[in-house]
Amino acid sequence: MRMWKASSMCVLVMLMLMVYGVGGTDHIVGANRGWNPGINYTLWSNNHTFYVGDLISFRYQKNQYNVFEVNQTGYDNCTTEGAFGNWSKGKDFIPLNMAKRYYFICGYGQCFNGMKVSVLVHPLPSPPSQSQSSANHSSHNSAAPLTFQSHLHSLILSSALFCFAWNWI
């Protein structure tokens, strides 16, 4: 019985690592200030680099605000007509699955008070070749997603080996 519980726990931990860890960076809009009026979200987004596979998350007071993904016209005019998606849970995680510019606004009229953000999502950089490896080593931003995935694979492998060893004992 003890062995079954231990192996079940190991499988659960490995599944959680694979499901929750395989993404990129979670960019929390507005950081500790969240999704609220009166914040310069252009400044916030300009200080972040977004890659395909990252998440953008919005944290706000449920029933007071919401999030709509719109096109550039909707963003410029603060309209939700023809929106691609909307969220209203108060803690919304939106995957950035394509390299393109995304536009998000608040649909409760707060867009006019600055509750709108536009982010440019870049494709993942290709792995450097051996000859470029040392030259690109100093470029921290472009290597970050690859480093994260490398560490994730090591963590999953280490967890699997630990679970195997635990069940062997």
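By convention here, the first residue in the shown sequence is residue 1.
Taking CG of Asn46 as the reference point, atom OG1 of Thr49 lies at 10.0 Å (rounded to 0.5 Å). In this structure, the separation between CD1 on Ile56 and NE2 on His48 is 9.0 Å, given to the nearest 0.5 Å.
Annotation: disulfide bond (SG atoms under 2.5 Å apart) contacts involving residues 41-77, sequence neighbours excluded, are absent. Sorted pairs that involve residues 46-76 and meet disulfide bond (SG atoms under 2.5 Å apart), not counting sequence neighbours, are lacking altogether.
No donor-acceptor pair under 3.5 Å is formed between the side chain of Asn77 and the backbone N or O of Thr79. When atom types are taken as modelled, the side chain of Trp35 and the backbone of Ile28 share no donor-acceptor pair closer than 3.5 angstrom. With Asp54 contributing its side chain and Tyr51 its backbone, the two residues share a donor-acceptor pair below 3.5 Å.
Aromatic pair His27/Phe50: ring centres closer than 6.0 Å.
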Which donor-acceptor pairs under 3.5 Å do the side chains of residues 86-115 make with protein atoms, sequence neighbours left out?
{"from": "Asp92", "atom 1": "OD1", "to": "Lys89", "atom 2": "N", "distance (Å)": "3.2"}
{"from": "Asp92", "atom 1": "OD2", "to": "Tyr60", "atom 2": "OH", "distance (Å)": "2.4"}
{"from": "Arg101", "atom 1": "NH1", "to": "Ser118", "atom 2": "OG", "distance (Å)": "2.8"}
{"from": "Tyr102", "atom 1": "OH", "to": "Asn97", "atom 2": "N", "distance (Å)": "3.2"}
{"from": "Tyr102", "atom 1": "OH", "to": "Met98", "atom 2": "N", "distance (Å)": "3.1"}
{"from": "Tyr102", "atom 1": "OH", "to": "Met98", "atom 2": "O", "distance (Å)": "3.4"}
{"from": "Gln110", "atom 1": "OE1", "to": "Asn113", "atom 2": "ND2", "distance (Å)": "2.8"}

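No chain of hydrophobic side-chain contacts below 4.5 Å, direct or via other Ile, Leu, Val, Met, Phe, Trp or Tyr residues, connects Tyr75 to Val29. Following chains of ILVMFWY side-chain contacts shorter than 4.5 Å, one cannot reach Phe68 starting from Val117, and the two form parts of different hydrophobic clusters. Criterion: ILVMFWY side-chain heavy atoms under 4.5 Å apart, direct or through other members. Under it, Tyr65 and Trp44 are part of a common hydrophobic cluster.
Pairing each heavy atom of Ile39 with each of Gly34, the nearest pair is CD1-O, 3.7 Å.
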